[in-house]
Amino acid sequence: MKAEEALRQGFREKFKGVQVALTFRDVFILPGKAEVEPSEVDVRTRVTKIHRLNVPFVSSPMDTVTESDMGIALARHGGLGVIHRNCAVDEQVQMVKKVKRAEALIIRDVITVSPEDKVGQVLALMEKHNISGLPVVEGTKLVGIVTGRDVRFAQPSLLVKQVMTKDVARAKEGTSIEEAQRLLRDHKIEKLPIVNEAGELSGLITFKDILLRGKYPDAARDENGQLLCAAAVSPFDLERAKKLDEYADILVTDVSHFHNANVFKATKKLMSEVSAEIIVGNIGTYEAAEDAITELERVSGFRVGIGSGSICTTTEVTKAGSPTLFATAQVADAVTKYGSDIPIIADGGIRSPGDVAIALAAGASAVMIGNLFARCQESPGTLITIGGRYYKQYRGMGSQTARAKRYSLDRYSMPSKGVPEGVEGWVPYKGEASIVLDELVSGLKASMGYAGAKSIQELWWKGKLAALSPSGAEEARPHDILLPSETQERI
Ligand code: XMP
């Protein structure tokens, strides 16, 4: 709309038919006819155009939520971690590499040593990468293997060729996992080098990886059997994005207001320079999604919601925002209108499995969570006790202390604004991420069971939402009873 036309319509017009931006606390799911039991509900989803998850949970790229440990834990249980960027480029790259190296069907970027290297160097490599055996290569040809046992008590000045096992069991490229497992067992070894016709090392299969595959059958993996890993980037930091592109499966733009001409321009460039899939956001309106769909060529996913995060003060400070639930429906309609298959990740404000179900019913394919994952053992930071209870630190990336590190400053505009848009504090400790995920998945399945939806796609059209009145909201909680948590004498 042009300026004169808008002014002609008058300022009073702005208040007519003003939209109601409903949030998670305003609505609930109406029960629908169910043909499946909650245990039979399928919560598998797509997080990008290509990548699939077995549970619809993604962790926020925040420095009190997602580093390697969280990335590994979530991917092992079928979700996805987005490694934060509030650190030097190399640190972020190392974190992504750690997730990618945690498991593999066949390790392709094998760490090797040469026969002329010293035992001391081998020990240092083993410690640095937390591995117990290294193939020995002359050029690219496999000539032996050194394990912890070979070097642990050897003089650091000895040469690898003096301590290595020369007659090393090996398998040909194309060997099946079952055959590899048999070879590992028959030779009583932990690592099986893979060689090509010329005897050159082309990969490594480890017993640990085979065990982990069995232990985490629902893990989110890439085609090489490695855990999926995403990383946050600023569209303005091309150098960082290019380095991460070598290892991360997915890049996630980390911008609080993506619908901005400069951000679009920088993202176009980013998309032409990297090969990873790119999730863009955050956006909060139909128009933002429409512009992204029509102007950007390689959008692999939308990160949606502005100002709903539990640590956000954006809306309080700026009076601008788009609550996650409202934003999700806006973007979902644009995606449908353009016949696009871009998945939506509803980001911020999720406090319960029911919130997840509502976000999915509003058109999301997955949700992004900071607060609930910050409570886990795998989030960065140590436990603290307050009043005899355990807590972990949790802070907004726009909070004063997160901004002090400066790496994420541009999330909150370019050049950065002077006002903090987040707070910091503590969240109660919950234990391992798998516990939180189990609760979320069981609760989500129960909600979907009530909605009568056996899959997330079915929830999109079967999930009917209704608004809660203030008295309805009160009735929906336990009432007229004194709960143990409300008594003076807490246990
Ligand atoms: P939850 O509700 O899970 O939300 O804590 C996490 C999401 O909040 C966003 N985020 C912020 N938003 N100021 C904001 O306005 C901040 O300082 C901030 N830090 C994180 C982000 O989208 C995250 O995924």
Side-chain angles (χ1 to χ4, degrees), residues 23-25 47 56-66 70 74 79-86 230-234 252-258 279-284 301-325 327-328 331 344-356 358-359 364 366-376 379-380 392-413 416-428 430 433 436-437 440:
T23 78
F24 294 119
R25 254 54 74 196
V47 71
F57 298 106
V58 179
S59 66
S60 303
M62 300 169 73
D63 62 5
T64 48
V65 180
T66 316
M70 182 60 74
L74 283 185
L80 177 72
V82 186
I83 304 290
H84 76 83
R85 65 182 178 99
N86 203 16
V233 293
S234 157
V252 182
T253 66
D254 198 28
V255 183
S256 65
H257 181 35
F258 186 82
I279 294 175
V280 302
N282 284 45
I283 56 170
F302 281 125
R303 185 179 170 194
V304 168
I306 297 172
S308 285
S310 61
I311 33 50
C312 297
T313 50
T314 297
T315 304
E316 195 178 67
V317 171
T318 64
K319 280 283 179 230
S322 181
T324 301
L325 181 61
T328 301
V331 174
I344 295 168
I345 301 160
D347 173 20
I350 301 284
R351 295 198 294 195
S352 71
D355 292 345
V356 180
I358 292 171
V367 297
M368 181 177 274
I369 298 180
N371 187 311
L372 300 182
F373 291 139
R375 302 166 182 224
C376 301
S379 69
K392 285 196 91 163
Q393 191 200 8
Y394 182 45
R395 67 180 182 196
M397 296 315 292
S399 66
Q400 199 92 51
T401 52
R403 289 161 64 95
K405 283 190 82 179
R406 307 199 67 79
Y407 293 104
S408 295
L409 265 185
D410 57 4
R411 180 178 155 88
Y412 297 93
S413 94
S416 77
K417 296 174 233 166
V419 284
E421 290 186 32
V423 293
E424 60 183 307
W426 298 275
V427 285
K430 281 287 276 190
V436 172
L437 273 176
L440 285 169

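Residues take their numbers from the sequence shown, with the count starting at 1. First listed ligand is number 1; within each ligand, the first listed atom is number 1.
Heavy-atom contacts of Arg303 reach the following atoms of ligand 1: 21 (C), 22 (O), 24 (O) (cutoff under 4.0 Å). Close contacts between ligand 1 and Ile369 involve ligand atoms 3 (O) [criterion: under 4.0 Å to a heavy atom]. Here is the list of ligand 1 atoms found below 4.0 Å of a heavy atom in Gly370: 1 (P), 3 (O), 6 (C). Interface of Met368 with ligand 1, defined as ligand atoms under 4.0 Å from a residue heavy atom, comprises 24 (O). Close contacts of ligand 1 with Gly348, meaning ligand atoms under 4.0 Å from a residue heavy atom, involve 2 (O), 4 (O). Against a heavy-atom cut-off of under 4.0 Å, Ile311 is close to the following atoms of ligand 1: 8 (O), 10 (N), 11 (C), 18 (C), 19 (N), 20 (C). Applying the 4.0 Å criterion to heavy atoms of Met62 picks out, from ligand 1, the atoms 19 (N), 20 (C), 23 (C).
Remark: distances from the non-hydrogen atoms of Ser256 to ligand 1 are all 4.0 Å or more. Residue contact check for ligand 1: Arg395 places no non-hydrogen atom closer than 4.0 Å to it. Residue contacts with ligand 1: Tyr394 is included, with a non-hydrogen atom under 4.0 Å away.
The shortest N or O to N or O distance between Ser60 and ligand 1 is below 3.5 Å. Of the polar atoms of Gly398, at least one N or O is found under 3.5 Å from an N or O of ligand 1, judged by distance alone. Between Glu421 and ligand 1, at least one N/O pair is under 3.5 Å apart. The shortest N/O to N/O separation between Gly349 and ligand 1 falls below 3.5 Å.
Residues passing the ring pair (Phe, Tyr, Trp, His ring centres under 6.0 Å) test with Phe258 are Phe264, sequence neighbours excluded. By the side-chain hydrogen bond (donor to acceptor under 3.5 Å, both in side chains) test, Ser379 is found to be paired with Lys392, residues two or more places apart in sequence or in another chain being considered.
Among Met62, Met397, Arg403, the single residue meeting the side-chain contact (heavy atoms from CB on, under 4.5 Å) criterion with Asn86 is Met397. Partner Val252 forms a side-chain contact (heavy atoms from CB on, under 4.5 Å) with one of Val82, Val47, Asn282 and no other, that one being Val82. The side-chain contact (heavy atoms from CB on, under 4.5 Å) test with Val367 singles out one residue from Leu372, Ile344, Ile350, Val304, and that residue is Ile350.
Atom OH of Tyr394 is separated from atom CD of Glu424 by 12.5 Å, given to the nearest 0.5 angstrom. Expressed to the nearest 0.5 Å, how far OG1 of Thr64 lies from CZ of Arg375 amounts to 12.0 Å. Here Phe24 contributes atom CZ and Thr324 contributes atom OG1; the two are 5.0 Å apart, rounded to the nearest 0.5 Å. Here CE of Met70 is found 6.0 Å from OG of Ser59. Values are rounded to the nearest 0.5 Å. Put simply, CZ on Arg351 and CD1 on Ile369 are 12.5 Å apart, with the number rounded to the nearest 0.5 Å.
With a 4.0 Å cut-off on non-hydrogen atoms, Arg351 does not touch ligand 1 at all. The backbone and the side chain of Asn371 each have at least one atom closer than 4.0 Å to an atom of ligand 1 (non-hydrogen atoms only).
When Gly309, Ala402, Cys312, Gly321 are checked for heavy-atom proximity to atom 4 (O) of ligand 1, Gly309 turns out nearest.
Using modelled atom types and a 3.5 Å distance limit, the side chains of Arg303 and Thr253 yield no donor-acceptor pair.
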